[in-house]
Amino acid sequence: MARGGSGAKNRRMHEVKLSDGIVTLSPLCLDDVEAHLAGEDELLVRYLNGGPGTREGVEAYFRHCLEQWEMSGSLRAFGIRAGADEALAGTIDLRFEGEGLTPGQVNVAYGLYPFWRGRGLATRAVLLASLYAASEGGQEAVIQVETENPASAAVAQRAGFTHSKQTHSKDGTRLDWYIRDLLVDPK
């Protein structure tokens, strides 16, 4: 079966590459599985992944991410890449739909592997992802941070987000919401 015009568009979307000269964001792919598993630590498991990763689970999730890119789905998952070789330093994903989000809001979730923390890379990644979200029609970015995670809250604030409200997840975890208007340049 031949692909029509939308196939070319989907290939272009999958080839998205964003960079500020220090950090590069590009879609996660199956080649990233090993680096992700090697980089996972207790903080990522606790605040982002919900449990220790397995090869099968990470591969399945990365396949899902690729499918979302191919079908222009509501999830856009990027690898955060750094260094001359663009090594996988972490992940950042955008969700254009989700629980508690209003139309136009985009949830931003990110995590860096231990070796890459403390270098300002997460802030740079959030800024790049926010630019992408705005280019895709997002009006407001939302970062939901567990109240016991001050490092993530600091990233949100450095990226121009302001504290908006506190909510609770389904499991009762307290979440601080940080919001940034994507239609206003933060500089």
Side-chain angles (χ1 to χ4, degrees), residues 1-20 23-37 39-40 44-45 47-82 86-113 121-122 124-145 156 159 161 169-170 175 177-183:
M1 177 188 256
R3 288 188 175 201
S6 65
K9 178 182 177 192
N10 286 340
R11 280 193 299 278
R12 282 194 306 274
M13 288 189 69
H14 184 66
E15 294 168 5
V16 168
K17 191 171 185 177
L18 312 165
S19 183
D20 67 0
V23 167
T24 299
L25 303 184
S26 61
L28 287 169
C29 63
L30 292 177
D31 290 343
D32 293 325
V33 170
E34 192 65 40
H36 179 76
L37 287 168
E40 186 178 75
L44 285 177
V45 168
Y47 293 123
L48 195 61
N49 299 347
T54 63
R55 175 167 303 285
E56 297 77 22
V58 172
E59 284 178 1
Y61 178 70
F62 284 14
R63 278 191 185 90
H64 172 70
C65 294
L66 289 167
E67 289 169 4
Q68 287 289 296
W69 278 103
E70 292 297 322
M71 62 187 277
S72 301
S74 63
L75 169 65
R76 308 291 164 78
F78 293 94
I80 302 170
R81 303 172 196 288
E86 294 187 354
L88 188 66
T91 64
I92 186 165
D93 68 71
L94 302 172
R95 292 188 186 266
F96 288 83
E97 296 173 0
E99 183 181 338
L101 297 178
T102 60
Q105 285 186 322
V106 181
N107 191 74
V108 181
Y110 48 85
L112 288 177
Y113 308 131
L121 301 179
R124 289 174 172 278
V126 167
L127 290 170
L128 285 170
S130 294
L131 287 171
Y132 177 81
S135 76
E136 292 293 305
Q139 298 169 2
E140 194 171 61
V142 176
I143 296 176
Q144 299 178 55
V145 178
F161 288 68
S169 65
K170 287 181 181 178
L175 299 171
W177 279 46
Y178 292 85
I179 306 283
R180 182 174 144 217
D181 186 341
L182 294 175
L183 304 178

Please enumerate all residues that pass ring-ring contact (aromatic ring centres under 6.0 Å, His included) together with Tyr178, with sequence neighbours excluded. His163
Nearest heavy-atom contact between Leu175 and Ser169 is CD1-CB, 4.0 Å
Checking Gln68 side chain against Ser74 main chain: does a donor-acceptor pair fall under 3.5 Å? yes
Counterpart residues, ring-ring contact (aromatic ring centres under 6.0 Å, His included), relative to Tyr113 (two or more places apart): His36
With sequence neighbours left out, what residues match Ser19 under side chain to side chain contact (heavy atoms under 4.5 Å, CB included)? Thr24
Closest approach of Lys17 and Glu86, non-hydrogen atoms and distance? NZ-OE1, 3.3 Å
State, with a plain yes or no, whether a side-chain heavy atom of Leu94 is found less than 4.5 Å away from one of Leu75. no
Compare all side-chain heavy atoms of Gln139 with those of Asp181 and state whether any distance is below 4.5 angstrom. no
SG on Cys29 to CG on Leu88, rounded to 0.5 Å: 8.5 Å
Nearest heavy-atom approach of Leu121 to Val23 is CD2-CG2, 3.5 Å
Could you tabulate the donor-acceptor pairs under 3.5 Å formed by side-chain atoms of residues 98-110, not counting sequence neighbours?
unit_1 : atom_1 : unit_2 : atom_2 : d
Thr102 : OG1    : Gln105 : OE1    : 3.2
Gln105 : OE1    : Thr102 : N      : 2.8
Gln105 : NE2    : Glu140 : OE1    : 2.8
Asn107 : OD1    : Gln144 : NE2    : 2.8
Tyr110 : OH     : Ser152 : O      : 2.9
Tyr110 : OH     : Ser152 : OG     : 2.9

How about Leu28 and Thr91: do any of their side-chain heavy atoms sit closer than 4.5 Å? yes
Please report the shortest heavy-atom distance between Leu44 and Gly39, naming the atom on each side. CD1-O, 4.0 Å
With the side chain counted from C-beta on, respond yes when Leu127 and Arg180 share a heavy-atom pair under 4.5 Å apart, and no when they do not. yes
Got a sec, which residues hit salt bridge (Lys or Arg N to Asp or Glu O under 4.0 Å) with Glu67, two or more places apart in sequence or on another chain? none
Do you know the tightest heavy-atom contact between Ile80 and Ala125? CD1-CB, 3.7 Å
Minimal non-hydrogen separation, Leu183 against Gly138, with atom names: CD2-O, 4.3 Å
Min side-chain heavy-atom separation Leu25-Arg124 under 4.5 Å: no
Looking at side-chain heavy atoms only, is the closest gap between Cys65 and Phe78 below 4.5 Å? no
Determine the interplanar angle of the Tyr132 and Trp69 rings, folded into 0 to 90°, and report it as parallel if under 30°, tilted if 30 to 60°, perpendicular if over 60°. tilted
With sequence neighbours excluded, what pairs up with Arg55 under the side chain to side chain contact (heavy atoms under 4.5 Å, CB included) test? Val33, Glu34, Leu37, Glu59
Are Asp32 and Val58 close enough, and set up right, to give a side chain to side chain contact (heavy atoms under 4.5 Å, CB included), and what steps lead you there? CA-CA 9 Å; Asp32 293 325; Val58 172; over 6 Å; no
pair Arg95-Arg76: side-chain heavy atoms closer than 4.5 Å: no
